[in-house]
Amino acid sequence: MRTLTDMTQAPEPRKIHQLDARSLRGLAHPLRMRLLTSLRFDGPATASQLAARLGESSGATSYHLRQLAEYGFAEDDPERGKGRERWWRSVHQGTYLDDQLRTDPTPEVRGALNAYLHEAATHHAQELATWLGTEGDWSKEWIESSDMSDFTLQLTPAQNAELGRKLHELIESYRALAPDEGTPDAARVRIHLHAFPTKPGADT
């Protein structure tokens, strides 16, 4: 299973960071993942601005931003910093978790992996809940075009991997079709993909 976490619609070429054991351990912290998500989705910010966005203390956001920088996820944004004001930005547009890291038996890696994946799943659930709670604020066209579906298929691991590749390719093909900035009623769209095996009776 390859996991790509992408929070932007930046034009090509996009910078994707492939996680290794060290960077996974550095990122696998709830606040660091939230900070990185905010930098990618909402853009560069100071520690104080991020603290206000996330309901955290500026001391905590400042510390974890420095940790993100140490592990190569965040960096100074010199175009915005003025005087002693320190602005941060994401180094990459997305992170990539490959099969080798998913199957690493090292306890430290397994622990970091579990923390990372559970935080990502929690974030997905929060995004969906936010949409459901605010869909009335959107146009009729957006409400009708949104989707929340699930499917059950009988597949082999190879077929499941092929399905995932085809879905990724289809989604990526829409980047080139992105409307111009300022196009009426255009918005960033979040797409979640979850595909996993289940045992008989698990969905009852």
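Keep in mind that this is a model prediction, so the values were computed, not measured.
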So do Leu153 and Leu163 actually touch side chain to side chain, heavy atoms under 4.5 Å?
yes
Quick check: closest heavy atoms across Pro179 and Ala186, and the distance to 0.1 Å?
CG-CB, 3.8 Å
With a 4.0 Å cut-off, would you call Asp99 and Arg102 a salt bridge?
no
In terms of heavy-atom contacts, does NE2 of His192 have more than 12 from other residues, nucleotides or ligands at under 6.0 Å?
yes
Arg32 side chain to Gly26 main-chain N or O, any donor-acceptor pair under 3.5 Å?
yes
Does any part of the side chain of His168, heavy atoms only, come nearer than 4.5 Å to the side chain of Leu193, both counted from C-beta?
yes
Under 4.0 Å between a side-chain nitrogen and a carboxylate oxygen: does that hold for Glu75 and Arg89?
yes
Shortest non-hydrogen contact from Leu177 to Ser173?
CG-O, 3.9 Å
Between Glu144 and Trp142, is any side-chain donor less than 3.5 angstrom from a side-chain acceptor?
no
Test item: Thr198 and Thr152 side chains (from C-beta on) under 4.5 Å apart, heavy atoms
no
Do you reckon Tyr71 sits in the same ILVMFWY cluster as Val91, going by side-chain contacts under 4.5 Å, direct or chained?
no
Nearest atoms (heavy-atom pairs only) where Leu31 meets Ala60:
CD2-CB, 4.1 Å
Can a donor-acceptor pair be found between the side chains of Ser62 and Arg66 at a distance below 3.5 Å?
yes
Pair up each side-chain donor or acceptor in residues 129-136 with any protein partner under 3.5 Å, not counting sequence neighbours, and list the distances.
residue, atom, partner, partner atom, Å
Thr130, OG1, Gln126, O, 2.9
Thr134, OG1, Thr130, O, 2.7

Name the one of His29, Met33, Arg34 that satisfies side-chain contact (heavy atoms from CB on, under 4.5 Å) with His64?
His29
side-chain contact (heavy atoms from CB on, under 4.5 Å) with Pro44: of Asp76, Leu50, Asp77, only one passes, and it is Asp77
What are the two closest heavy atoms between Glu56 and Thr61, and how far apart are they?
CB-CG2, 3.9 Å
I'd like to know if the side chain of Thr122 and the backbone of His118 have a donor-acceptor N/O pair within less than 3.5 Å.
yes
Looking at Thr106 and Val109, would you say the former's side chain and the latter's main chain have a donor-acceptor pair under 3.5 Å?
no
Can you confirm whether Asp147 sits close enough to Ile191 that some side-chain heavy atom of one is under 4.5 Å from a side-chain heavy atom of the other?
no
In terms of heavy-atom contacts, does CD of Gln100 have more than 12 from other residues, nucleotides or ligands at under 6.0 Å?
no
Nearest non-hydrogen partners of Ser58 and Ser48, listed with the distance
CB-OG, 4.1 Å
Ignoring hydrogens and geometry, is there a side-chain-to-backbone donor-acceptor pair from Arg80 to Ala45 under 3.5 Å?
no
Could you see if Leu155 belongs to whatever hydrophobic cluster contains Leu167? Use Ile, Leu, Val, Met, Phe, Trp, Tyr and a side-chain cutoff under 4.5 Å.
yes
Do Arg40 and His92 have side chains that approach each other closer than 4.5 Å (heavy atoms only, starting at C-beta)?
yes
Determine the minimum heavy-atom distance between Glu141 and Asp185, stating which atoms define it.
CB-OD2, 4.5 Å
Under 3.5 Å, is there a donor-acceptor pair between the His123 and Glu127 side chains?
yes
For the pair Glu169 and Lys166, evaluate salt bridge (charged side-chain N to carboxylate O under 4.0 Å, His left out) and give the outcome as yes or no after the intermediate values.
CA-CA 5 Å; Glu169 290 169 2; Lys166 288 182 176 179; over 6 Å; no
Hydrophobic cluster membership, Val189 vs Trp138, 4.5 Å side-chain cutoff:
yes
What is the distance from atom OH of Tyr96 to atom CD1 of Ile16, rounded to the nearest 0.5 Å?
10.5 Å
In terms of side-chain heavy atoms, does Asp20 have a donor or acceptor partner in Ser23 at a distance below 3.5 Å?
yes
Between Asp98 (side chain) and Leu101 (backbone), is there a donor-acceptor pair under 3.5 Å?
yes
Side chain Arg188, main chain Phe41, donor-acceptor under 3.5 Å:
yes
Taking the side chain as C-beta and beyond, is there a heavy-atom pair between Arg53 and Asp42 under 4.5 Å?
yes
Closer than 4.0 angstrom, basic N to acidic O: yes or no for Arg110 and Asp104?
no
Hey, any chance Ile171 and Met148 share a hydrophobic cluster, counting ILVMFWY side chains that come within less than 4.5 Å of each other, even indirectly?
yes
What class does the angle between the rings of His17 and Phe73 fall in, given that below 30° is parallel, 30 to 60° is tilted and above 60° is perpendicular?
perpendicular
Going by atom types alone, do Tyr116 and Thr95 pair a side-chain donor with an acceptor below 3.5 Å?
yes
Taking NZ, NE, NH1 and NH2 as the nitrogens, is one of them in Arg165 or Glu162 under 4.0 Å from a carboxylate oxygen of the other?
no
